[in-house]
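Whatever order the structure lists ligands and atoms in, that order sets their numbers, starting from 1.
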Amino acid sequence: MLGQLRLLRAVVLAPYQQVRACKVVLIPREAPWKRATTGYAPSAVQCPPVLPTIRAGTTLSVNETSWLKARRLKTVWALRDFLSRANITGLDTNAYIGDGTDATTLPNIGIAISGGGYRAMMNGAGAIAAFDNRTTNSTGRGQLGGLLQASTYISGLSGGSWLVGSLYAQNFPSVQEVMAGASNDLGTLWQFSNSILKGPAELSVTQYYNNIFDDVNGKVAAGFNTTITDYWGRGLSYQFINASDGGKTLSSIANDTGFLAADSPMPIIIADERAPGQLMIPSNATIFEFNPWELGSYDPTTRAFAPLEFIGSNFSGGTLFDHETCISGFDNIGFVIGTSSSLFNTFYLQINNTDAPQRIKDSISHILLQIGQENNDISDWPNPFYGFHNETNINAASKTLSLVDGGEDLQNIPFHPLIQPLRDVDVIFAVDGSADTPAPGANWPNGTAVVATYRRSLFDSSDIGFPSVPDQNTFVNLGLNARPTFFGCNASNLTGPSPLIVYLPNVPYSYNSNVSTFDLSYNDSERNSIIQNGYNVATMGNSTFDFQWPTCVGCAILLRSFNRSRTAIPGVCTQCFNRYCWNGTANSTAPVPYQPTNLIKSNGSASLLNPISFTIAMVLGAWLILFM
Ligand SMILES: *[C@@H]1O[C@H](CO)[C@@H](O)[C@H](O)[C@H]1NC(C)=O
Ligand SMILES: *[C@@H]1O[C@H](CO)[C@@H](O)[C@H](O)[C@H]1NC(C)=O
Ligand SMILES: *[C@@H]1O[C@H](CO)[C@@H](O)[C@H](O)[C@H]1NC(C)=O
Ligand SMILES: *[C@@H]1O[C@H](CO)[C@@H](O)[C@H](O)[C@H]1NC(C)=O
Ligand SMILES: *[C@@H]1O[C@H](CO)[C@@H](O)[C@H](O)[C@H]1NC(C)=O
Ligand SMILES: *[C@@H]1O[C@H](CO)[C@@H](O)[C@H](O)[C@H]1NC(C)=O
Ligand SMILES: *[C@@H]1O[C@H](CO)[C@@H](O)[C@H](O)[C@H]1NC(C)=O
Ligand SMILES: *[C@@H]1O[C@H](CO)[C@@H](O)[C@H](O)[C@H]1NC(C)=O
Ligand SMILES: *[C@@H]1O[C@H](CO)[C@@H](O)[C@H](O)[C@H]1NC(C)=O
Ligand SMILES: *[C@@H]1O[C@H](CO)[C@@H](O)[C@H](O)[C@H]1NC(C)=O
Ligand SMILES: *[C@@H]1O[C@H](CO)[C@@H](O)[C@H](O)[C@H]1NC(C)=O
Ligand SMILES: *[C@@H]1O[C@H](CO)[C@@H](O)[C@H](O)[C@H]1NC(C)=O
């Protein structure tokens, strides 16, 4: 998918010159300032009495640490509930977990939702619905409801960040509630039949683009640099955030009642850093995370965090240069998820194929022309790490921090924040909706994202570990991408301390959910089918393919805890590990093409290319014929 998008970029933008927009703007600095309550443009606010500063990323933030205490008091009961339903014969799970005060036994669960556009977003939504005890019937036999309530972290990247951002922007409703939107005030979310290039049904295309341009112009007028990602993020907001007024900031989540009460996992969204002048994102790129309190990185390069609420303030060498003015409102959720998915800006190349007014087509084309093909995936943030950690921070001398799509380093599953040793995660449920496999069975995952994180862990100079995993050919040959697979069962086969990985690749249970990354619109029935398929992936078809699947999930959650507390592994768990753990064998020969068919019932309806993807396919096809 990534390769295809890159190709597309190269093909369509080839005629454009490489001119980097460089606006010279001044931030007006008269006091007193009050931040407008909503709206897209950041604004100046009075600084808090204790001035915001940049901290070194050598510990978790005090905010996360204190929030985790509150979260543990919640997860312990959810976990006891979940494990009591998991039917782990031979283990009294209530007695084992106790009241949760014993950190040796209480497991710490993370969920990671991959990138891959709408496909990954919807597939991820199905998994979240399966894990959510609020979903109807999700706590019945063969189900996994309650896992979400028992989790500490949920990370999202690119398409996965759309899901995470969308749910947290609404105070964490269940996926089922969002899908039933018409009957509640979530009505206008996830209306994917209205392509992001056309906007919501309530607005004409002209009104839609006028609103987007007004918002972005407002940010410019307030003195900030903008990039194509600002337009993209505004578009995403209409689909995922429901915020025609600009929408809320990610830092405002920290004040949401549900989140303050630690009723939901902690959301983390990631993006990759791009060095000044760099074009391709290397596999060792610095990975930044956005969480409700901070933007920053634990990587040894930048290894620093900034208070998210005050991004845009004039930080220099870790402190505020201007001691009076703080900027707030830069971390608009639409802009954050736009940053994490910045590669998809490329969709605007199709602007001429929409019925947007000519003026808009001209403006967008002009923006694309200005930035040039090599830069159209970037999103510019004011650099809070200017002059901080000069020796290792590659952007230390730049006032701008360029962040790009979190999947550009091929690590398309956001493992990174969850494998930080500081976070002590025991198990990661890795929901993979990547498009890796080639035609004729295209757009299924083949382990590429897992392999990328494993390879990086081999060279990482910090203490990050990851389980050994085999190459993609082995994934396909052994069917490790065709059913859930556990990596890291054998604690001696890790590149360093690492959680157990429960890999949940997208597989067709009830629907061919391998829709193209280029499909930008889905009617409600397609949307629901893909989400339902994701539900079936997570539950193995309500455990019809293994009646012990919930037991095995419970065993996976407890494996690291068993090791820590030196508890004998229950027999039923040993059976599970024999079935689901990768046993270390490899078969790297070229596999026969992967062409899975529906596991539950065959579904004859082939997904037809929509006009936009058809255009892209034609362009790509022509390019391949001409140049390969
Ligand atoms: C984080 O914690 C610090 C110290 O308790 C506090 O001053 C600050 O307001 C918190 N930040 C947020 C965004 O809640
Ligand atoms: C879901 O789990 C939470 C946390 O354990 C619990 O408080 C709540 O009652 C459960 N809800 C349902 C519908 O089971
Ligand atoms: C629990 O698992 C055992 C096998 O270990 C099985 O015989 C029993 O039927 C299961 N009980 C339920 C309620 O699923
Ligand atoms: C929930 O389970 C009941 C009893 O099996 C069934 O009648 C009902 O249709 C199910 N509801 C959903 C939404 O699947
Ligand atoms: C805007 O971008 C230019 C060039 O990258 C930079 O010098 C300037 O500091 C930026 N301004 C703001 C407000 O971020
Ligand atoms: C959270 O609430 C506090 C107290 O009302 C306020 O000072 C702070 O700015 C809020 N934080 C965010 C990120 O909105
Ligand atoms: C990535 O690796 C290259 C080559 O080893 C090195 O020059 C570069 O500094 C590394 N970048 C980061 C961000 O670690
Ligand atoms: C849209 O069409 C105009 C006129 O044909 C052209 O100049 C422009 O480059 C096109 N825009 C894009 C994004 O392809
Ligand atoms: C770090 O870099 C900044 C920007 O280049 C510079 O102004 C500052 O003096 C440097 N600080 C140190 C401690 O070297
Ligand atoms: C796996 O996916 C990558 C792209 O992510 C692709 O280049 C490779 O050919 C695929 N291999 C197999 C065996 O599917
Ligand atoms: C893990 O096992 C595989 C297969 O046996 C082996 O190739 C790999 O080197 C081992 N890795 C570690 C870190 O022990
Ligand atoms: C699993 O249960 C859900 C909800 O009850 C249902 O919609 C779905 O069709 C079931 N899947 C299978 C494979 O039976």
Report every pair formed by an N or O atom of ligand 2 and a protein N or O atom separated by less than 3.5 Å, giving atom names and the distance to 0.1 Å.
from	atom 1	to	atom 2	distance (Å)
ligand 2	2 (O)	Asn133	ND2	2.2
ligand 2	11 (N)	Asn133	ND2	3.0
ligand 2	14 (O)	Asn133	ND2	3.2

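With sequence neighbours left out, the ring-ring contact (aromatic ring centres under 6.0 Å, His included) criterion links Phe388 to no other residue. Listed by chain and number, the residues in a ring-ring contact (aromatic ring centres under 6.0 Å, His included) with Phe172 are Tyr168 (sequence neighbours excluded). For Glu273, the salt bridge (Lys or Arg N to Asp or Glu O under 4.0 Å) test picks out no residue, with sequence neighbours left out.
Residue Gly223 approaches ligand 5 through these ligand atoms, each under 4.0 Å from one of its heavy atoms: 13 (C). For ligand 8 and Leu349, the ligand atoms under 4.0 Å from any heavy atom of the residue are 13 (C), 14 (O). Of all atoms in ligand 5, listed by their number and element, those nearer than 4.0 Å to a heavy atom of Thr400 are 2 (O), 5 (O). Annotation for ligand 5: atoms under 4.0 Å from non-hydrogen atoms of Lys399 are 9 (O). For ligand 8, the atoms closer than 4.0 angstrom to any heavy atom of Asn352 are 1 (C), 2 (O), 3 (C), 8 (C), 10 (C), 11 (N), 12 (C), 14 (O).
Taking the six-membered ring for Trp and thresholds of 30 and 60 degrees, Phe518 and Phe347 have ring planes more than 60 degrees apart, a perpendicular arrangement. A perpendicular orientation is assigned to the rings of Phe330 and Phe335, their planes being inclined by more than 60° (bins at 30° and 60°). Using cut-offs of 30° and 60° for the angle between ring planes, the Tyr208 and Tyr238 rings count as perpendicular.
Between Arg274 and Glu408 no salt bridge is recorded (no basic side-chain N to carboxylate O distance below 4.0 Å).
Looking at Tyr348 next to ligand 8, no N or O pair under 3.5 Å apart turns up.
Contacts of Leu368 with ligand 8, taken as heavy-atom pairs under 4.0 Å, involve the side chain alone.
Aromatic rings of Phe288 and Trp381 (six-membered ring for Trp) have centroids beyond the 6.0 Å cut-off, not under it.
Both the sub-6.0 Å distance and the 45° axial angle are satisfied by Lys399 relative to the ring of Tyr386.
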